[in-house]
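Here is the structure we will look at, set down as structure tokens.
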There are 2 protein chains.
Amino acid sequence: MKKTDYRKYEFAVIASDVVIFTVLEEKLQVLLIKMKKKPFEKCWAAPGGLVKPDENVDDAAKRLLFEKTGLKDVYLEQLYTFGKVDRDPFGRVVSVAYFALIPHSGIMLQTTEEYEGVQWFPVDALPPLAYDHKEIVANAVNRLRAKLEYTNIVYSLLPEAFTLGELQKTYEIILKRNLDKRNFRKKIFSLGIIKKTGKIRKGLPNRPAELYTFVHKKPRVVEIL
Amino acid sequence: MKKTDYRKYEFAVIASDVVIFTVLEEKLQVLLIKMKKKPFEKCWAAPGGLVKPDENVDDAAKRLLFEKTGLKDVYLEQLYTFGKVDRDPFGRVVSVAYFALIPHSGIMLQTTEEYEGVQWFPVDALPPLAYDHKEIVANAVNRLRAKLEYTNIVYSLLPEAFTLGELQKTYEIILKRNLDKRNFRKKIFSLGIIKKTGKIRKGLPNRPAELYTFVHKKPRVVEIL
DNA sequence: GCAAAAGTGTTAAAACTACACCCATGG
DNA sequence: CCATGGGTGTAGTTTTAACACTTTTGC
């Protein structure tokens, strides 16, 4: 089939930006890269890039995530598409934003020549961000908070085995509120989303804790809180 | 500032498709247009079109909605962006889909020369759809069902004044389940989202009903069901 | 007077909230 | 032996779910 040459008409560049979250040092953090090119030399931004002509937009997001973290198979969800005319000073760029959740353990941050650096930032203490990335990150944080409450996606933030204390702490950090330990445990058990590994976490100056793992590692709608 | 000519690099066409819902004849219905151009001559599709170079993507959706329905100021929300490489046989087109809710009353469907016709279809009895519009509509229906339960967006489906029976019916039709009349009324009143107009609906062969109106006509998160 | 939708409370079950003590370990 | 987080049950409150009859109108 002959393809119409849409270049004669309206066109735009499609980019994708990925807001990558982890929980680290008792804080919800976002992965940002430091930009080199003007006019954002001093700014940080969520990792992003152009979608290739023969690449699905979803695949571009996966690729960008992989390039920065070396990870595949983590939670990655389309967030929102940012399409204001002037959002990019270089031209018309529409960005399909995604957000990803990764466990902190064993991530090697990979910088490239394109950027000056890669770094985690707590969402409560972000540096000035390029483009409309402040809005994008804020949007992602809201979505994450909402989804934590009614889905099982935390599984993507925790290591393979974890204690109930760690699970609860993860919720508390992201939701910014304290949960009752007994009620929390009751709820989690009643949902049947985790199971014992049979192992325990030793080596800490306190009572050893049972280690659990998620029964399913696929996104599901579940009323957690 | 000199703008980079991104045409030298990757590019795509940005389109927007709008899934327009109403409740009509006791059914949730979608507005579809009948296509003329190949290879979709016999197919129906959600109204859509290209985003102009100097047009925000949001504004494009508003424009498309207005062109088909003559309506502004109704509920319109970005749904999802569909970006598979081969979703459009004519070339690389990324579509930012939206969904809209309109009251049925007083809408004049406006066809244009571009199409063979415009028509409402029940979501349970859709004709074959062009492109990936089957997926887009399904996606929109899911989103609508979910949002009805935790927001006040029904306001955009009903006329200025309505009875509690009509409100309940609207929920029942879309959610495809029956609600208990007394519990429903109790809940709605306790939320304080509607108020009496003081008028009543007469002329029907049954007891006249109080007419209500929404206190706020802005989207809000509210646990309705 | 009949058909059809409007309007109106109570009760039982389930879910949620608040809350305090003992346990096992490393240092 | 002390500090630290792990682990456990109950009672009061709130929320939800189920349920039936009387009212008002047009025909």
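Residue numbers start from 1 in every chain, and the chains themselves are labelled A, B, ... in the order their sequence lines are given, proteins ahead of strands. All of these numbers come straight from a predicted model, not from anything done at the bench.
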*In terms of side-chain heavy atoms of B:E210, which of C:dA18, C:dG7, C:dT10 is nearest?*
C:dG7

*Roughly how many Å is it from CZ in B:F162 to P in C:dA6, rounded to a whole number?*
13 Å

_Heavy atoms from C-beta onward define the side chain here; which of D:dG7, D:dC19, D:dG26 lies closest to that of B:D180?_
D:dC19

*If you write DNA chain C from 5' to 3' in dot-bracket form, with Watson-Crick or G-U pairs under 3.5 Å, [ ] for crossing pairs and | for pairs with another strand, what do you get?*
|||||||||||||||||||||||||||

_Whole angstroms only, please: what is the CG-P distance between B:L164 and C:dA5?_
15 Å

*asked:* Can you tell whether the side chains of B:E25 and B:K169 come within less than 4.0 Å, N to carboxylate O?
replied: no

*Where the side chain of B:N206 is concerned, which of D:dA18, D:dT8, D:dT25 is the nearest nucleotide?*
D:dT25

*In whole angstroms, how far is the P atom of C:dA5 from the CG atom of B:L179?*
17 Å

*Rounding to a whole Å, what distance do you find between A:E223:CD and C:dA14:C1'?*
15 Å

*Evaluate whether atom CZ of B:R220 has more than 12 neighbouring non-hydrogen atoms of other residues, nucleotides or ligands under 6.0 angstrom away.*
no

*Classify the angle between the aromatic ring planes of A:F214 and A:Y155 as parallel (below 30°), tilted (30 to 60°) or perpendicular (above 60°).*
perpendicular

*On DNA chain D, nearest-nucleotide positions of A:K186 versus A:L211: which is more 5'?*
A:L211

*asked:* A quick test of your reading: do over 12 heavy atoms of other residues, nucleotides or ligands sit less than 6.0 Å from NZ of B:K84?
replied: no

*Select base, sugar-phosphate, or nothing to describe what A:K187 touches, counting heavy atoms under 4.0 Å on all strands.*
sugar-phosphate

*What's the closest nucleotide to the B:R207 side chain, out of D:dG9, C:dT25, D:dT24?*
D:dT24

*Could you work out which one of C:dG7, D:dT10, D:dT8 sits closest to the side chain of A:R182?*
D:dT8

*5′-ward residue of the pair A:L225/A:P208 relative to DNA chain C*: A:L225

*May I have the distance from A:N183 (atom CG) to C:dA14 (atom C1'), rounded to whole angstrom?*
15 Å

*Starting at CZ of A:F184 and ending at P of C:dA18, how long is that distance when rounded to a whole Å?*
16 Å

*Quickly work out the B:E172 CD to C:dA5 P distance and round it to whole Å.*
12 Å

*With a 4.0 Å cut-off on heavy atoms, is B:K202 in touch with a base, just the backbone sugar-phosphate, or nothing at all?*
nothing

*Do A:E77 and A:Y75 get their side chains close enough for a donor-acceptor pair, meaning under 3.5 Å?*
yes

_Side chain of B:A209 (C-beta onward), nearest among C:dG26, C:dG7, D:dA18_ = C:dG7

*asked:* With a cut-off of less than 4.0 Å, is there a side-chain N or O of A:R185 near OP1 or OP2 of D:dG7?
replied: yes

_Aromatic centroids of A:Y212 and A:F162 separated by under 6.0 Å_ = no

*Quick one: do A:K217 and A:D73 make a salt bridge, cutoff under 4.0 Å?*
no

*For B:E166 and C:dA6, give me the distance from atom CD to atom C1', rounded to whole Å.*
12 Å

_Does A:K181 contact C:dT17 through a side-chain donor or acceptor facing the base, at a distance under 3.5 Å?_
no

*Inter-residue atom distance B:R143.CZ - B:F21.CZ, 0.5 Å rounding*: 11.0 Å

